[in-house]
Amino acid sequence: KQEVTQIPAALSVPEGENLVLNCSFTDSAIYNLQWFRQDPGKGLTSLLLIQSSQREQTSGRLNASLDKSSGRSTLYIAASQPGDSATYLCAVRPSGSGNTGKLIFGQGTTLQVKP
Amino acid sequence: KAGVTQTPRYLIKTRGQQVTLSCSPISGHRSVSWYQQTPGQGLQFLFEYFSETQRNKGNFPGRFSGRQFSNSRSEMNVSTLELGDSALYLCASSFVSAGLDKNIQYFGAGTRLSVL
């Protein structure tokens with residue numbers, strides 16, 4: 001059974017710091033991995049999607065890497081800003097035709113960036 | 001381009017009642033997935049619909065059901081509500097294609113259901 005773990009559960013950093021969020025999964029049979037951001041009481045905003053054949057994806061100050069064989073992904077946020085404060089979730093889509101439309105989520109890392 | 005729209009945003013029901021939630025996907029998206037989010041269990045997959053057919057189902061009791069219409073809009077129904085059904089219910093739509101960026105799931109703002 002696929003399990004997704006995110007460490008740390010919460011993180012507080014001063015503005016301007018570079019930071020890394022970690023995500024690990026137990027089964028390497030994945031189709032893709034997606035990072036999301038969730039603001040309090042809101043839905044999820046997709047940040048980056050990495051296909052199983054890719055090693056990393058970049059969007060602005062965000063860079064996500066994927067090491068499928070070791071079951072790990074990291075989200076790197078450069079020069080953090082107070083507006084980055086939110087909960088960050090990683091989710092894997094298991095491979096196999098019986099897993100269409102299904103994402104398995106970690107519990108998230110709640111980030112606070114202090115001015 | 002309009003995003004995923006969920007209605008209503010908030011619902012208050014009592015135990016034993018039933019509820020129907022609605023989700024309108026992004027135009028052109030044919031896959032709709034539903035998730036339940038609670039503080040204790042996090043985000044859990046309920047089911048996925050594609051072209052009016054349920055293709056995948058999570059580990060939820062039969063009280064949770066859904067359907068999809070020909071215009072890809074989807075509804076989720078929960079019968080005989082229990083206190084533990086209180087949660088944020090999120091739907092997500094995706095295009096579904098072999099293209100690298102075409103399987104991104106885009107989420108709505110959710111429906112917050114409170115069962116009293």
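Just so we're clear, the structure is a prediction, and the values are computed from it rather than from any experiment.
Aromatic pair A:F105/B:Y35: ring centres closer than 6.0 Å.
A 4.5 Å side-chain heavy-atom check between A:L44 and B:L43 finds at least one atom pair inside the cut-off.
Nearest heavy-atom pair, B:S33 versus A:G101, reported as atom, atom and distance to 0.1 Å: OG-O, 2.7 Å.
B:M76 and B:L88 fall into different hydrophobic clusters, where Ile, Leu, Val, Met, Phe, Trp and Tyr residues are linked whenever their side-chain heavy atoms come under 4.5 Å apart, directly or through other members. When hydrophobic clusters are built by joining Ile, Leu, Val, Met, Phe, Trp and Tyr residues whose side-chain heavy atoms come closer than 4.5 Å, directly or via intermediates, A:V92 is not grouped with B:F45. Side-chain heavy atoms closer than 4.5 Å link hydrophobic residues (I, L, V, M, F, W, Y) into clusters, and following such links, even through other members, never connects B:L21 to B:L90. A chain of hydrophobic side-chain contacts below 4.5 Å, direct or via other Ile, Leu, Val, Met, Phe, Trp or Tyr residues, connects A:V113 to A:I77. Hydrophobic clustering, with ILVMFWY side chains joined whenever heavy atoms are under 4.5 angstrom apart, groups A:V13 together with A:L47.
Taken to the nearest 0.5 Å, the CG atom of B:N59 stands 7.5 Å off from the NZ atom of A:K1.
A:Q38 touches chain B through its side chain: at least one heavy atom from C-beta onward sits under 4.5 Å away, while N, CA, C and O do not. When heavy atoms are compared at a cutoff of 4.5 Å, A:L89 approaches chain B solely by way of its side chain, counted from C-beta outward. The part of A:K42 that comes within reach of chain B is its backbone (N, CA, C, O), which places non-hydrogen atoms under 4.5 angstrom from that chain. With a threshold of 4.5 angstrom between heavy atoms, B:Q41 approaches chain A through N, CA, C or O but not through any side-chain atom.
Looking at A:Q34, its side chain never comes within 3.5 Å of a backbone N or O of B:I104 through a donor-acceptor pair. Of the possible polar contacts, none joining the A:S46 side chain to the B:Y106 backbone as a donor-acceptor pair under 3.5 Å is found.
Atom CZ of B:R15 is surrounded by 12 or fewer heavy atoms from other residues, nucleotides or ligands within 6.0 Å. No more than 12 heavy atoms of other residues, nucleotides or ligands sit less than 6.0 Å from atom CZ of A:R72.
Your options are B:R9, B:Q37, B:Q6, B:R112, and the one with the most heavy-atom pairs under 4.5 Å with chain A is B:Q37.
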